[in-house]
Amino acid sequence: MEHIGIQTRLACPGRFGSDNQMDIETLIIGAGAAGMMCAAHAGSGVMIVDHAKAAGEKIRISGGGRCNFTNLHCSPDAFLSENTHFAKSALARYTQWDFIELVDQHGIKWHEKTLGQLFCDTSAKEIIEMLRNMMQVAGAQLALNTGVESIKAKDGGGFKVRLSGARNDLIDARNIVIATGGKSIPKMGATGFAYDIAQQFGLHVTTTRPALVPFTFTDKRFAPISGVSTPARVTAGSGSFDEAVLFTHRGLSGPAILQASSYWHEGEAVRINLIPDQDLSGWFKTQRQSQGKKQITTVLGDLLPSRLVDHIAKEMDIDGRVGDLSDKRIQSIITALTDWHLTPQGTEGYRTAEVTIGGVSTEDLNAQTMETKAVPGLYFIGECVDVTGWLGGYNFQWAWASGMAAARAITA
């Protein structure tokens with residue numbers, strides 16, 4: 001447990017020998033990206049609690065340990081929600097450029113990978129340390145190994161909160177900010193706490209499900225080519241993404257698959273174009289003339305990994321010599337390669353999902369402040385809200401932007 005800043009106002013007897021009663025301005029529940037960002041900017045009288053033993057654990061493991069902290073191309077179009085307009089305000093008032101400036105001010109070196117994704121040069125721990133330092137300067141108090149037993153609204157405004165775990169304080173808070181995330185990666189302590197609190201106060205919670213998650217196939221059809229990766233276009237529902245597909249023992253993964261999973265619903269087929277943006281009709285006809293004696297699988301090896309070619313040749317019934325291909329047969333092979341329909345049995349679930357799609361309904365929140373419309377002083381920020389970004393730094397940008405929106409409202 002760590003303490004920075006706020007002093008105990010009143011000691012009084014409690015169930016565990018001695019409880020502390022504290023009057024504070026703002027209690028933030030959840031010391032992840034959104035919660036720490038809010039705590040660093042929410043002014044004086046802030047306490048942030050988390051049941052984990054360390055702050056920012058999802059930041060620490062993100063981006064292979066280097067934290068994909070934002071994306072150069074971040075825009076509202078890259079976010080899913082029942083209200084597609086909700087995220088616009090927060091994202092416009094705290095942009096990727098604002099966070100990049102913050103990172104630069106703290107001397108954190110970074111680099112761009114593909115598709116505008118920005119990573120720390122050294123370690124994700126630098127982002128955590130930056131936020132921790134900002135919280136300390138702001139005078140926020142951080143209490144780890146500390147849960148929340150109950151939250152009750154007080155007559156006349158404000159809240160009474162009973163903490164549990166390392167601290168058993170009774171808190172009187174003018175504002176409460178829920179920043180506990182979604183259900184993804186439960187081994188790191190993720191729970192549905194935010195949704196329970198929302199429903200306790202009469203807010204709606206949209207249907208939640210794992211997102212940015214691999215697909216599974218119970219027949220293990222791709223086990224023989226586990227580890228093979230290839231660029232492709234993957235489409236599920238209204239989402240279509242050009243990135244790598246990775247075949248695994250359990251099914252399909254890779255960036256394109258993770259992206260498409262956010263748009264997929266159980267029972268639907270996923271469509272894969274293994275060779276996008278190429279005139280395959282012209283290519284096959286050229287091969288038919290110049291390499292007519294070669295096997296079709298041999299020439300396809302110029303376009304796709306050989307192990308993948310051997311696998312799909314059996315599945316798509318592709319065999320024979322290139323010179324024997326009729327125009328009709330060429331077209332059927334092209335269709336098989338560019339519109340491969342696969343129906344997953346499911347996903348790997350919250351265990352490996354990077355985010356949770358759905359959450360606290362945006363219809364119950366003020367888009368500019370993240371405050372609930374029905375309960376003054378109660379805010380929801382970050383992943384627990386029904387706003388989910390694409391893979392590649394978008395969800396961190398939502399955490400920074402929504403955290404800042406709440407902080408600015410609290411200090412206004």
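- Using bins of under 30°, 30° to 60° and over 60° for the plane-to-plane angle, the ring pair H311/F222 lands in the tilted bin.
- Note: Y263 and F241 meet the aromatic proximity criterion, with ring centroids under 6.0 Å apart.
- Heavy-atom neighbours of R174 CZ from other residues, nucleotides or ligands within 6.0 Å: at or below the threshold of 12.
- Side-chain contact of N273 with T338: a donor-acceptor pair under 3.5 Å is absent, judged by distance alone.
- Note: W400 and F99 have parallel aromatic rings, judged against thresholds of 30 and 60 degrees for the angle between ring planes.
- In this structure, K113 is positioned above the aromatic face of F119, its NZ or CZ under 6.0 Å from the six-membered ring centre and within 45° of the axis.
- When the shell of 6.0 Å around NZ of K220 is examined, it contains 12 or fewer heavy atoms from other residues, nucleotides or ligands.
- Between the side chains of S150 and K160, no donor-acceptor pair is found at a separation under 3.5 Å.
- E126 and K109 are not joined by a salt bridge, as no carboxylate oxygen comes within less than 4.0 angstrom of a charged side-chain nitrogen.
- Side chains of D98 and T95: a donor-acceptor N/O pair is present below 3.5 angstrom, by distance only.
- Side chains of Y195 and T356 form a contact here, defined as non-hydrogen atoms less than 4.5 Å apart.
- A salt bridge links R271 and D339; the closest N-O separation between the charged side-chain nitrogens and carboxylate oxygens is under 4.0 Å.
- Aromatic rings from F79 and W390 are positioned such that their centres are separated by 6.0 Å or more.
- Tested against Y350, the residues V355, T208, V213 include a single side chain to side chain contact (heavy atoms under 4.5 Å, CB included) partner, T208.
- Between Y394 and W398, a ring centre-to-centre spacing not shorter than 6.0 Å is recorded.
- In this structure the side chain of T216 never reaches within 4.5 angstrom of the side chain of T248, judged on heavy atoms.
- Within 6.0 Å of atom CZ in R209, more than 12 heavy atoms from other residues, nucleotides or ligands are found, so the atom counts as buried in its surroundings.
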What verdict does the side chain to side chain donor-acceptor pair (under 3.5 Å) test give for Q117 and T70, after you've listed the backbone C-alpha separation in whole Å, the side-chain angles of each residue and the deciding distance to 0.1 Å? CA-CA 6 Å; Q117 301 171 23; T70 194; over 6 Å; no
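- Counting heavy atoms of neighbouring residues, nucleotides and ligands inside a 6.0 Å radius, atom CD of E266 does not exceed 12 of them.
- In this structure, H106 places its NE2 atom where more than 12 heavy-atom neighbours from other residues, nucleotides or ligands lie under 6.0 Å away.
- Within a 6.0 Å sphere centred on CD of E129, other residues, nucleotides and ligands contribute 12 heavy atoms or fewer.
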